[in-house]
Trainee: 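Okay, handing you the structure first.
Quick caveat, the model's predicted, so the values are computed rather than measured.
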Amino acid sequence: MALKTPNTQYATLALVQILYLNPLAAAPDRTLAEIHRDLAVAKESLSAPMAFAIMGIGPIFAVVVLGLTVARRIANPWATALIYLAVLTVGPGAYFVASFGAGMSLADTYGISGADYSPWARPLYFVSLAAAVLLVATAIVGARQGRFAPPSDRVANAT
């Protein structure tokens, strides 16, 4: 069973965008097989292994944080929420790095820019922006409510 966290869904959409949707939008008159053939003739590729490696960092990190939370190494649910939101916030940077090789290969092969041609990168940016807003809001609310104090301080302040 696949782990369905926002981080894995984000990475999955990014990979589909990099390896499928954007190439088809960048060369709309070509099939994906034709695009791969054109790239091979030009000695280029979509750099799939690199894209998988880079976009896999977020989900791996999310699984590690989940494991630490379950093992009670991270006992504060507010801290866990902040970590997950922070990972989603840096998603556009990971997407940019993961898509750079594919974009440049398409640019070199077809004489186009290396930018996104498919609109499906926009939801990634929206999710990251929303995560950044929630990160700030969660940090402010948590700090005001004393949610980040050590457990002994929270008990003493509650009385």
Trainee: Drop me the distance from Leu85's CG to Thr138's OG1, to the nearest 0.5 angstrom.
Mentor: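 Here the rounded value is 5.5 Å.
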
Trainee: Can you confirm whether Leu106 sits close enough to Tyr117 that some side-chain heavy atom of one is under 4.5 Å from a side-chain heavy atom of the other?
Mentor: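 They are not in side-chain contact.
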
Trainee: Any side-chain heavy atom of Pro123 within less than 4.5 Å of one from Leu13?
Mentor: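 Pro123 reaches Leu13 side chain to side chain.
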
Trainee: Got more than 12 heavy atoms from elsewhere within 6.0 Å of OH, Tyr110?
Mentor: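 Count over threshold, so yes.
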
Trainee: Which heavy-atom pair separates Pro23 from Leu32 by the least distance, and what is that distance?
Mentor: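 Heavy atoms of Pro23 and Leu32 come nearest at CB-CD1, 4.2 Å.
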
Trainee: Between Asp29 and Glu34, what is the shortest heavy-atom contact and its length?
Mentor: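 In terms of heavy atoms, the two residues are closest at O-OE1, 4.1 Å.
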
Trainee: In the structure I gave you, are the side-chain heavy atoms of Ile18 and Ser99 within less than 4.5 Å of one another anywhere?
Mentor: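 Result yes, sub-4.5 Å side-chain heavy-atom pair found.
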
Trainee: Quick one: ring pair (Phe, Tyr, Trp, His ring centres under 6.0 Å) partners of Phe100, sequence neighbours excluded?
Mentor: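 With sequence neighbours excluded, Phe100 shows a ring pair (Phe, Tyr, Trp, His ring centres under 6.0 Å) to Phe96, given in chain and number order.
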
Trainee: Between Thr89 and Ala131, which heavy-atom pair has the shortest distance, and what is it?
Mentor: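 Closest approach of Thr89 to Ala131, heavy atoms only: OG1-C, 3.6 Å.
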
Trainee: Examine Val136 and Val90 and state if one hydrophobic cluster contains both, with Ile, Leu, Val, Met, Phe, Trp and Tyr joined whenever side-chain heavy atoms are less than 4.5 Å apart.
Mentor: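 No; Val90 is not reachable from Val136 via cluster members.
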
Trainee: Find out if a path of hydrophobic residues (ILVMFWY) with successive side-chain heavy-atom gaps under 4.5 Å connects Tyr125 to Val127.
Mentor: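 Per the 4.5 Å side-chain linkage, Tyr125 and Val127 are co-clustered.
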
Trainee: Within the structure provided, determine whether Val87 and Tyr10 are in side-chain contact (heavy-atom separation under 4.5 Å).
Mentor: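 Side-chain contact under 4.5 Å: no.
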
Trainee: Without swapping roles, check the side chain of Ser128 against the backbone of Leu88 for a donor-acceptor pair under 3.5 Å.
Mentor: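 Here the side-chain-to-backbone pair exists.
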
Trainee: Same hydrophobic cluster for Val70 and Ile83, using side-chain heavy-atom links shorter than 4.5 Å among ILVMFWY?
Mentor: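 Result: yes, single cluster for both.
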
Trainee: Just verifying a value: how many Å separate Leu15 CG and Leu21 CG, rounded to the nearest 0.5 Å?
Mentor: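 Reported value, rounded in 0.5 Å steps: 11.0 Å.
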
Trainee: Roughly how far, to the nearest 0.5 Å, is the OG1 atom of Thr31 from the NE2 atom of His36?
Mentor: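 Here the interatomic distance stands at 9.0 Å.
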
Trainee: Look at the side-chain heavy atoms of Ile, Leu, Val, Met, Phe, Trp and Tyr, link any pair under 4.5 Å apart, and say whether Trp120 and Leu129 land in one connected group.
Mentor: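 No, Trp120 and Leu129 fall in different hydrophobic clusters.
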
Trainee: Quick check for you: to the nearest 0.5 Å, what is the distance between Arg30 atom CZ and Asp38 atom CG?
Mentor: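 Going from the CZ atom of Arg30 to the CG atom of Asp38 covers 4.0 Å.
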
Trainee: Which atoms form the tightest heavy-atom contact between Leu82 and Ala139, and what is the distance?
Mentor: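 The pair with the smallest heavy-atom distance is CD2-N, 3.8 Å.
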
Trainee: Can you list, pair by pair, the side-chain donor-acceptor contacts under 3.5 Å of residues 53-69, counting residues two or more places apart and other chains?
Mentor:
{"residue": "Thr69", "atom": "OG1", "partner": "Val65", "partner atom": "O", "Å": "2.8"}
{"residue": "Thr69", "atom": "OG1", "partner": "Thr80", "partner atom": "OG1", "Å": "3.2"}

Trainee: Ignoring hydrogens and angles, tell me if any N or O in the side chain of Asn22 forms a donor-acceptor pair with the backbone of Asp116 under 3.5 Å.
Mentor: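 Side chain of Asn22 to backbone of Asp116: no pair is present.
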
Trainee: Could you list the donor-acceptor pairs under 3.5 angstrom formed by side chains in residues 41-48, with sequence neighbours left out?
Mentor:
{"residue": "Glu44", "atom": "OE1", "partner": "Ser105", "partner atom": "OG", "Å": "3.1"}
{"residue": "Ser45", "atom": "OG", "partner": "Ser47", "partner atom": "N", "Å": "3.1"}

Trainee: Counting C-beta onward and ignoring hydrogens, is there a side-chain heavy-atom pair between Tyr84 and Leu135 closer than 4.5 Å?
Mentor: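 Not touching, per the 4.5 Å side-chain cut-off.
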
Trainee: Tell me whether the count of non-hydrogen atoms from other residues, nucleotides or ligands lying under 6.0 Å of CZ in Phe52 goes above 12.
Mentor: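 Not buried by this count: 12 neighbours or fewer within 6.0 Å.
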
